[in-house]
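Just so it is clear, the values below take in all heavy atoms, side chains as well, and ignore hydrogens, waters and symmetry mates.
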Amino acid sequence: MVRLVVLAPGVPAHPAAVAWCADFIQRINRIAQFERRAVRAIRRTRSDLDAAARRQESAALLQQIPPGAYAVLLDVTGKPIDCDQLRDKVQKIALEGGRAIWLVLGGPDGVDETVQARADERWSL
């Protein structure tokens, strides 16, 4: 069974988001081992881009990704991928290497180039 790990800054706080996540985890666990990991979200002090917060969150994300893990950065500038393509890619990665797939999300300011360089792929869902 493939292992999927979602790594992102912060955790959902809104009750509807918490319920949605719990439902999603219950559904995905039928076909894959699923885990959600969080790094501390950095408090923003400005309304515009906060490069310092982005650097801190990016460093924390990189620390969590184990060496040899297959890392996919989920990013609006990534390769567009639909549900069928996502299924096929996950199956292919699981069959080829048997490695866990780490789906990495950035904070509101995105991620810096170190996380982008670490990613094996970039997807836009």
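- No donor-acceptor pair closer than 3.5 Å links the side chain of Asp23 to the backbone N or O of Ala19.
- Residue Val18 shares its hydrophobic cluster (ILVMFWY side chains chained together at separations under 4.5 Å) with no other residue.
- One distance of note links NZ of Lys79 with CG of Leu73; it measures 15.0 Å at 0.5 Å rounding.
- The distance from the CG atom of Leu74 to the CG atom of Leu105 is 4.5 Å, given to the nearest 0.5 Å.
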Subject >> Audit row: Leu103, Leu7, side-chain contact (heavy atoms from CB on, under 4.5 Å) steps and yes/no >> reply: CA-CA 6 Å; Leu103 303 172; Leu7 176 64; over 6 Å; no
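- Nearest heavy atoms, Gly78 versus Ser124: O-CB, 3.5 Å.
- In this structure, CD1 on Ile101 lies 4.0 Å from CD1 on Ile93, to the nearest 0.5 angstrom.
- Phe24 and Ile81 end up in the same hydrophobic cluster when Ile, Leu, Val, Met, Phe, Trp and Tyr side chains are linked at under 4.5 Å.
- For Glu121, the side chain to side chain donor-acceptor pair (under 3.5 Å) partners at least two apart in sequence or on another chain are Tyr70, Lys89, Trp123.
- For Val39 against Ala60, the heavy-atom pair with the smallest separation is CG1-O, 3.6 Å.
- Side-chain N or O atoms of Ser58 include one that pairs as donor or acceptor with a backbone N or O of Asp112 at under 3.5 Å.
- Between the CZ atom of Phe34 and the CZ atom of Arg36 there is a distance of 8.0 Å, given to the nearest 0.5 Å.
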**OP:** For side-chain contact (heavy atoms from CB on, under 4.5 Å), just list the numbers for Arg37 and Val5, CA-CA rounded to whole Å, side-chain angles, deciding distance to a tenth of an Å, and then say yes or no.
**Re:** CA-CA 7 Å; Arg37 290 200 183 177; Val5 181; 4.1 Å; yes
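- Among all heavy-atom pairs drawn from Glu57 and Arg40, the shortest one is CG-O, 4.1 Å.
- A 4.5 Å side-chain heavy-atom check between Val104 and Ile65 finds at least one atom pair inside the cut-off.
- With respect to the salt-bridge test (charged N to carboxylate O, under 4.0 angstrom), the residues Lys92 and Asp88 do not qualify.
- Smallest separation of non-hydrogen atoms from Val111 and Gln116: O-NE2, 3.6 Å.
- Judged as a side chain to side chain donor-acceptor pair (under 3.5 Å), and not counting sequence neighbours, Gln64 has no contacts.
- Atom CG of residue Leu62 and atom OG1 of residue Thr114 lie 4.5 Å apart, to the nearest 0.5 angstrom.
- Not one N or O on the side chain of Arg43 forms a donor-acceptor pair closer than 3.5 Å with the backbone of Ala41.
- A salt bridge links Asp120 with Arg118: the distance from a Lys NZ or Arg NE/NH1/NH2 to an Asp or Glu carboxylate oxygen falls below 4.0 Å.
- Considering every non-hydrogen atom in both Ala38 and Val11, the closest pair reads CB-CG1, 3.7 Å.
- Salt-bridge annotation for Arg55 and Glu113: absent, with no side-chain N of the basic residue lying under 4.0 Å from a carboxylate O of the acidic one.
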Original post:
For Asp75 and Arg122, what are the C-alpha separation, side-chain angles and deciding distance, and is it a salt bridge (charged side-chain N to carboxylate O under 4.0 Å, His left out)?
Top reply: CA-CA 6 Å; Asp75 184 56; Arg122 291 170 73 176; 2.8 Å; yes
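- Note on Val72: it clusters hydrophobically with Ile31, by side-chain heavy-atom contacts below 4.5 Å among ILVMFWY residues.
- Expressed to the nearest 0.5 Å, how far CH2 of Trp102 lies from CD of Glu35 amounts to 6.0 Å.
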